Asks: 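The structure under discussion is supplied below as structure tokens; questions concerning it will follow.
No experiment lies behind these values; they were computed from the predicted model shown. Each ligand, and each atom within it, is numbered from 1 in the order the structure gives.
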Amino acid sequence: MTKIGIIGGSGLDNPDILQDAHDVEVETVYGSPSSPLKEGTIAGKEVAILARHGREHTIPPTYVNYRANIMALKGAGCDVILATTACGSLREEIKRGDLVILDQFIDFTRLRQVSFHERFEPNCAVHTGMADPFDEGLRSKLNAACDALDIAHHKVGTVITIEGSRFSTRAESNMFRLWGADVINMSVAPECILANEAGLPYAAVAMSTDYDCWKTDEAPVTWEEILEVFHGNVEKVVSLLIETIKALD
Ligand code: ADE
């Protein structure tokens, strides 16, 4: 049976959604993951939850050990990964509290390790295809669950992942809109790249918490706003994860 890895982002650092929950400390050849794995079941299915930024949110996006996080879930026997993230909206129609089932990313990070391969075996180069990086099977289950639960959502969306930890300037925010990005965050692209390299199907649910700073009739985003909007809507993400996991084979 499928074992599901969940990577909880900002606002979902330590969710209480598992039956028979217990902590498992893991180490990987890439170092320690951001948190112990919280293992248990949802609807009878095995689930392992990892807090991307640590359970007390102590790890900034640049310093998350994404390689260790992906390897920890793979090592725990997870077959698929569902990730959650807060994001800024770069489109008027993506409103605060809406969910976006991401289908593309633009990687605008600069300081992350985005490959497991530090050296190729002789004559064995590995270059991973990334044309459609989010798993279609998981995406369609997430979209179907949003429909069933009547959650306001967008079935596709391109995320641009920036380095952070600072937010964007208005010039950058406008440029990202011109580039075709729909939402912005600081974590999904490296994680998605590494999950693909590791051969783990990966999908991400992004909750829009703000309009970044391109929208000049609003005050620019703040961290306090992100937390307030995420916490006000977190039940949607939790019920979406549960409904989706029920539908996984
Ligand atoms: N996460 C949530 N909102 C964001 C924004 N505006 N920029 C980058 N990451 C975010």
Asks: Which of the numbered atoms in ligand 1 are under 4.0 angstrom from any heavy atom belonging to Asp212?
Replies: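 Under 4.0 Å from Asp212, ligand 1 has these atoms: 5 (C), 6 (N), 7 (N).
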Asks: If you measure every N/O of Gly88 against every N/O of ligand 1, is any gap under 3.5 Å?
Replies: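 The answer is yes, given that Gly88 and ligand 1 share an N or O pair closer than 3.5 Å.
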Asks: Considering only heavy atoms of Thr209, which atoms of ligand 1 have at least one such atom less than 4.0 Å away?
Replies: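 Checking each atom against Thr209, I get 2 (C), 3 (N).
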Asks: So, applying salt bridge (charged side-chain N to carboxylate O under 4.0 Å, His left out) with Arg67, which one of Glu118, Glu197, Glu191 is it?
Replies: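 Considering Glu118, Glu197, Glu191, a salt bridge (charged side-chain N to carboxylate O under 4.0 Å, His left out) with Arg67 is found only for Glu118.
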Asks: Which protein non-hydrogen atom lies closest to atom 9 (N) of ligand 1, naming both residue and atom, and how far is it?
Replies: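 That would be Asn185 CA, 3.4 Å.
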Asks: At a non-hydrogen distance cut-off of under 4.0 Å, which region of Ile226 contacts ligand 1 (side chain, backbone, both, or neither)?
Replies: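 Looking at Ile226 and ligand 1, just side chain atoms fall under 4.0 Å.
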Asks: Do me a favour and list the nearest non-hydrogen protein atom to atom 10 (C) of ligand 1 with residue, atom name and distance?
Replies: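 Result: Ile184 O, 3.6 Å.
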Asks: Would you say that more than 12 heavy atoms from the other residues, nucleotides or ligands in this model lie under 6.0 Å from the CG of Asp217, or not?
Replies: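 It does: Asp217 CG has more than 12 such atoms within range.
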Asks: Regarding Glu163 and Thr62, is there a side-chain donor-to-acceptor distance under 3.5 Å anywhere?
Replies: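 Checked: Glu163/Thr62 side chains pair up, N/O donor to acceptor below 3.5 Å.
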Asks: For Thr161 and Asn185, test the side chains for any donor-to-acceptor distance below 3.5 angstrom and give the result as yes or no.
Replies: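 Yes, Asn185 and Thr161 have a side-chain donor paired with an acceptor closer than 3.5 Å.
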Asks: Would you please say whether a donor-acceptor pair under 3.5 Å links the side chains of Thr2 and Asp79?
Replies: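 The criterion, which ignores hydrogens and geometry beyond distance, is not satisfied for Asp79 and Thr2.
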Asks: So which heavy atom in the protein is nearest atom 8 (C) of ligand 1, and how far is it from that ligand atom?
Replies: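 For atom 8 (C) of ligand 1, the nearest protein heavy atom is Met186 CE, 3.7 Å.
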Asks: Which residue and atom name correspond to the protein heavy atom nearest atom 3 (N) of ligand 1, and how close is it?
Replies: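 Scanning the protein heavy atoms, the shortest distance from atom 3 (N) of ligand 1 goes to Asp210 OD2, 2.7 Å.
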Asks: Taking Arg55 first and then Asp23, would you say they form a salt bridge - that is, a charged N and a carboxylate O separated by under 4.0 Å?
Replies: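 Judged by the 4.0 Å cut-off on N to carboxylate O distance, Arg55 and Asp23 do form a salt bridge.
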Asks: Among all protein heavy atoms, pick out the one at the shortest distance from atom 1 (N) of ligand 1; state its residue, atom name and that distance to 0.1 Å.
Replies: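 The closest one turns out to be Ala86 O, 3.6 Å.
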Asks: Check the pair Glu228 / Arg96 against salt bridge (charged side-chain N to carboxylate O under 4.0 Å, His left out), numbers first and verdict last.
Replies: CA-CA 11 Å; Glu228 189 184 326; Arg96 287 185 179 80; over 6 Å; no
